[in-house]
Each structure stands twice: as structure tokens, then as C-alpha cells.
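So you know, we letter chains A, B, ... as the sequences are listed, proteins then strands, and number each from 1. Computed over heavy atoms, backbone and side chain alike; hydrogens, waters and symmetry mates excluded.
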2 protein chains.
Amino acid sequence: MLLRHHDAANLAAECARCGVRSASVCAVVPDEDIEQLATYTQHLEFEAGQTFINQDEPAEDFFVVTEGHARLCTLMPDGRRQVTGFASPGQFLGLAADGNYAFNAEALTPLKLCRVTRHGLKLLMSQFPQLEQRLLTEASRELSVAQGRMLLLGRKTARERLASFLTEHAGMAACRDVIVLPMTRTDIADYLGLTIETVSRTLNALRRDGLIEIDHVTRIRLLDRPALEDIAAGGA
Amino acid sequence: MLLRHHDAANLAAECARCGVRSASVCAVVPDEDIEQLATYTQHLEFEAGQTFINQDEPAEDFFVVTEGHARLCTLMPDGRRQVTGFASPGQFLGLAADGNYAFNAEALTPLKLCRVTRHGLKLLMSQFPQLEQRLLTEASRELSVAQGRMLLLGRKTARERLASFLTEHAGMAACRDVIVLPMTRTDIADYLGLTIETVSRTLNALRRDGLIEIDHVTRIRLLDRPALEDIAAGGA
DNA sequence: CGCAACGTTGATGCACATCAATCCGAGTGG
DNA sequence: CCACTCGGATTGATGTGCATCAACGTTGCG
């Protein structure tokens, strides 16, 4: 995993992935820069269930996931919960910050991530302009995803939501039609704006219709991907 | 409206607002830069109802609203519609683009905007680094807003959605408690993931409860802002 | 084993959608 | 100035998809 000299865009991710002082990074970044990187970045680990970003606290840090999965969610005072997204390795966390964090972030599985203070990030960006560009690209992509989720939450039926969820995950993961979900039914429900009961019932309905197979609670096989994608898009 | 020399961040907005060759811009940007700006930016006007961004077409342009209001929405094949946002003067359009536009944009009122090709934007950014920074800030803010809307669409009741909508608009517009809505009930419904009937009924319920007054269909007076904010947050 | 957390399944309820009249206000033309 | 029209908006009657409540399975771990 070699870092191209002029592609500083991936720097943060690389630092995180390899550890700041790894050979590949040291090979291409001048020593004084490495010093700075070491000052501003930090490697962290959490076990499943731990919260590492707290809603309403000042958004001082910025994270890159390097291993494991995390869950981002927003809470209402009475306990209602909306999962706004799941983060997998390579994803940035904390972009969507405007003063205070508007969400909690919790480890779904054992999690490793790289932390940079916002101040550090600012310095890094001024030093590696391509990093800023990369972040902008990332933010644009996320915005695009967010719009899709608004359509899902505002207008899709339970069946369409589940179909969307399944195809979305099949798309990212190994291009296989077998997906392994690192999250619980409760997480899925809160992600899709449904209840666990509805998620359970709807998955079973899809199974009865011969569209999926449920090998194990967390292991689902997509038997008819095109049909699922059609349902997800609202085309039936 | 003078442009500070080193704050190129607002450049695009300024260009749009004043016209590329306006005195204030010419005063602070070298001539050869102005030439470039003129090449890449373009002033456009639309009348209410016109569509200027089409879902699924390649995302080639980037816009800044300078006058009037626009509506962004996503459509499903069977006609279901989700309004993902409203744009008012100063707002950027087209950030959330990932290959093709994922939404339609239509003028709600007579509309003026400034167009920059994505290629032009790239050149502008390399020339005025602060512009990129500004866009990143903007994208972060939008992401934050998007998360709030996911919570609204996924978990809030009709009453809470309307309260959120009203306080949101009261917050932006003149800090008065009287808001004038440039959109129809249908737009509001599709924005909040409800039907026009529910919007109408719920607004009347808020009126009966003494929380708002409806002077005119488009003119609403907030009588008890704190109570509305409390409802919006789910605190009752 | 035996608990505890998670998941499924069934019966019932309700918030909001749907269907169906009216109503209202801004244009338009006589 | 009024009658006519027509796209929104309101209001009411009814339907339904999903939530809620409740009971029971299932899995995994000490």
C-alpha cells in the first residue's frame, strides 16, 4: 500500500491505515511533515458497544475508520432514535459538524480509528491541499446518499425500505449476493424508520416471496437481485 | 458590498450577486482572473415553475442562487415525490452530485442564479483555494441539516414535523415571528413526508391550540415560539 | 444449565393515507 | 363589477400500513 507522493488526498486515510510512522508513509513524506502528522493524529481502539462521539458535545475531532463498523445515530429526548448511517473502514466521521456533534457514534464491532483534531485537520489541509479536495468529494457523495435516504424515509414502504437496505449493502460488500450484517434488527429498524417487528415481518415476507434466504440472523442471501432493486426503486 | 482581497471564499457568490463585471469585483481581482471568471460563470433567470436541473442528467453545472426561491426534489417512477430541500439566495446547488444529478430543481418564484461548470469550478478552486474551503464548510453544514431531516422523516409525528418546519423557517427569515411561505401545501407535504390533507389538518390543530395564527394561506404568525420549538424537538 | 439479550409471531390499535366533496381566492373575460 | 373558472386548500368519512402490546422462540455465553 504505497502512497503516491503527489496524492496527499489519501494521506489521512493512509496514516490511519498504516500508523503514522509506518514505512510507506515515512518513505514519501518529509520528516518534518511526519512530525506534524504525529502531533495531530492519534490511533484509537474501541470495543463493540462503546460510544466515542457524543451528541451535543463540541465537535472538536475528526475521525477515519480503519477497522470495524460503527453506527451513527441521533436521539430524541424521549428515546426515539434515528440511525443516520453506518461507517465502515475508510469512511470519514465528523464532516457533518456544525459547532456541536449532531449525533452519537458507537462501535458495532471492535473498532479502530484515527483521530485528528479539527485544528490539526485545518493545518493538514493547508499543507496538503488535495486532502481538502478529497474531503469535499467525500462530503458531496455523502450529501447525495443523504438525499436518497430522505426519499426512503419520507416516501418508501416498509418492503421498499428493506429492499433498498439489502441491495445497498450488497452493492458495497463483496459483489456476492450473500451479505453479512454487522448490526442488530433494532439498528436496522432505526436506520429505516421502522420498528423491529416490521423489519422482521417484512424480511420474512421477502423470504416467502423467494427473493431472499435467511441463513442466519445476520447472514442473508439475495436470490433475485434485479427484482429487489426494482422493488427498492419503487418500480412495482 | 466590497470583496476583501484575500477572502476569495465568497467569490462565486459575489460574482453571482453583482454580476461578474461589477465594480466591486473588478476592483479587487486582477484582470486576467476576471477574464477567467467571465469564461466560467454565467447569469441565468427563470420564471416560477421552470425546471433547471433534471434528475438523472449528468451533473455538469454548479449553481448559486442570487434571487428567489427554488425547490429540490427527487421523484420515484410512480410519481411519489420527496422534496429534499428549498434553496434561498446565497445557497449553493449541485454540491450533492455524484455523477448524475439525483434531484430536480425548480423555480418556486422568479429566480436568478449564477451557473459555473464543474470544470470551471475546479479551475476557480485551484486559483482561489479559499473557495474550496468555503464549499467544504457549506457541505458540512448541509450534511448536518440532512441528518436532522432524517430524524424528522424517520421518527417525528406530523405535529412535530410541522412545528419543526415552522421554527426552521422562522429561524432563517427575518427574526420576526411572522413567516411567509413561498411554497404550496403540496411542497410542504412532500418536504415533510406527509400528505397535503395532513399538513392542512395539523396546521389547523396548531391554530386551535393557540400556537399559531394563519393570516393568509402563505402567511403564518408564530404565537408561542418556545412551545413550538419544544414540540419540534419532541419534548412533549 | 440457565439467564439475558435478541428475534419472531400474533392480536389489536391508531396515526396518517386515501377518497370524496366542498370551499376559497386569484385571474379572466364579458 | 360580477359571473366563471380553475388550481390550490380545507374538511369529512373511511381505509390501511405500520406501531404497539404481548407472548413465545432462539441464540450465545458464563
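With values rounded to the nearest 0.5 angstrom, B:Leu93 atom CG is found 7.0 Å from B:Leu113 atom CG.
Taking a cutoff of 4.0 Å between a charged side-chain nitrogen and a carboxylate oxygen, B:Asp78 and A:Arg155 do not qualify as a salt bridge.
A search for side chain to side chain donor-acceptor pair (under 3.5 Å) contacts involving A:Arg201 returns nothing, not counting sequence neighbours.
For the OP1/OP2 pair of D:dG8 and a distance below 4.0 Å, the side-chain nitrogens and oxygens of B:His216 include no atom meeting the criterion.
A cation-pi arrangement, defined by a distance under 6.0 Å to the six-membered ring centre and an angle within 45 degrees of its axis, is absent between A:Arg71 and A:Tyr191.
In this structure, the CG atom of B:Leu153 is 17 Å from the C1' atom of D:dC18, given to the nearest Å. In this entry the distance linking CD of B:Glu160 with C1' of C:dA15 reads 12 Å, nearest Å. Look at CG on B:Leu181: it is 10 Å from P on D:dA9, rounded to the nearest Å. Atom CG of A:Asp190 is separated from atom C1' of C:dC6 by 14 Å (rounded to the nearest Å). Separating the NZ atom of A:Lys156 from the P atom of D:dC18 is a distance of 14 Å, rounded to the nearest angstrom. When rounded to the nearest whole Å, the span between CG of A:Leu152 and P of D:dC18 equals 12 Å. In this structure, A:Arg80 atom CZ and C:dA15 atom P are separated by 12 Å, rounded to whole Å.
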Collect all protein-nucleotide pairs involving nucleotides 7-9 of chain C in which both atoms are nitrogen or oxygen and the distance is under 3.5 Å.
| residue | atom | partner | partner atom | Å |
| --- | --- | --- | --- | --- |
| C:dG7 | OP1 | A:Arg185 | N | 3.3 |
| C:dG7 | OP2 | A:Arg185 | N | 3.1 |
| C:dT8 | OP1 | A:Arg185 | NH2 | 3.4 |
| C:dT8 | OP2 | A:Arg185 | NE | 2.9 |
| C:dT8 | OP2 | A:Ser200 | OG | 3.0 |
| C:dT8 | O5' | A:Ser200 | OG | 3.1 |
| C:dT9 | OP2 | A:Asn204 | ND2 | 2.5 |

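A 4.5 Å side-chain heavy-atom check between B:Ile212 and B:Leu228 finds at least one atom pair inside the cut-off.
Taking the six-membered ring for Trp and thresholds of 30 and 60 degrees, A:Phe62 and A:Phe92 have ring planes inclined between 30 and 60 degrees apart.
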